[in-house]
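Each remark here refers to the structure printed beneath this line.
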Amino acid sequence: MRDADDDNATATGDQFPTVEVGGTIRLGQFLKFAGLAESGAQARELITAGDVEVDGRIETQRGRQLHGGELVTVTTEYFEQTVRVG
């Protein structure tokens, strides 16, 4: 699995890396793009298991539109990672 600090993430003024997406993106797509999920199937599993938060609230809709500025956190028994949508 790729780390969110890879080439598509840039530093921001806060403690979380920002992943630039250049517009709106669905949550499931963002998880893959940011390297928080290896596949669409894994993104779906993370979301339906309640392992994904958007701005501190559990999000269960894979198609949720992200517009930029949101904090997305994935928490599993193996890792916790938070990134900002750019």
Side-chain angles (χ1 to χ4, degrees):
M1 184 180 309
R2 228 170 28 129
D3 188 68
D5 293 327
D6 282 348
D7 57 343
N8 62 338
T10 59
T12 63
D14 62 23
Q15 64 189 18
F16 306 109
T18 297
V19 177
E20 297 294 337
V21 296
T24 60
I25 189 170
R26 287 185 166 84
L27 179 59
Q29 293 171 323
F30 179 77
L31 294 178
K32 292 186 303 182
F33 185 74
L36 299 172
E38 294 179 355
S39 66
Q42 185 186 30
R44 181 176 52 248
E45 290 171 11
L46 290 168
I47 293 166
T48 58
D51 293 337
V52 178
E53 294 180 7
V54 177
D55 291 333
R57 303 184 103 177
I58 293 174
E59 181 57 64
T60 58
Q61 295 193 11
R62 186 172 52 142
R64 170 162 177 186
Q65 292 285 321
L66 304 173
H67 303 281
E70 297 95 337
L71 282 178
V72 176
T73 302
V74 175
T75 305
T76 70
E77 61 182 285
Y78 304 108
F79 75 98
E80 179 173 315
Q81 176 88 35
T82 301
V83 296
R84 185 173 301 279
V85 181

**Asked** Are any of the side-chain heavy atoms of L27 and I47 separated by less than 4.5 Å?
**Response**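 Side chain of L27 against side chain of I47, heavy atoms only: contact under 4.5 Å found.
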
**Request:** State, with a plain yes or no, whether a side-chain heavy atom of L71 is found less than 4.5 Å away from one of D55.
**Result:**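 Yes - at least one pair of side-chain heavy atoms lies under 4.5 Å apart.
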
**Item:** Partner of L36 under side chain to side chain contact (heavy atoms under 4.5 Å, CB included), chosen from V52, T73, V74, L46
**Value:**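 Going through the options one by one, the only one that passes is V74.
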
Minimum heavy-atom separation for [X] to [Y], with atom names?
{"X": "T18", "Y": "V85", "result": "CG2-C, 4.2 Å"}
{"X": "Q61", "Y": "E59", "result": "N-OE2, 3.0 Å"}
{"X": "A43", "Y": "G28", "result": "CB-O, 3.8 Å"}
{"X": "V21", "Y": "G86", "result": "CG2-O, 3.2 Å"}
{"X": "Q81", "Y": "P17", "result": "NE2-CG, 4.3 Å"}

Quick one: [atom1] on [X] to [atom2] on [Y], what's the gap to the nearest 0.5 Å?
{"X": "D51", "Y": "E77", "atom1": "CG", "atom2": "CD", "answer": "9.0 Å"}
{"X": "Q29", "Y": "T24", "atom1": "CD", "atom2": "OG1", "answer": "9.0 Å"}
{"X": "E53", "Y": "T82", "atom1": "CD", "atom2": "OG1", "answer": "8.0 Å"}
{"X": "E70", "Y": "R57", "atom1": "CD", "atom2": "CZ", "answer": "13.5 Å"}

**Request:** Answer yes if F79 and F30 sit in the same cluster of Ile, Leu, Val, Met, Phe, Trp and Tyr residues linked by side chain heavy atoms under 4.5 Å apart, and no otherwise.
**Result:**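 Yes: a chain of side-chain contacts under 4.5 Å links F79 to F30.
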
**R64, CZ atom: more than 12 neighbouring heavy atoms under 6.0 Å** =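 Buried by this count: over 12 neighbours within 6.0 Å.
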
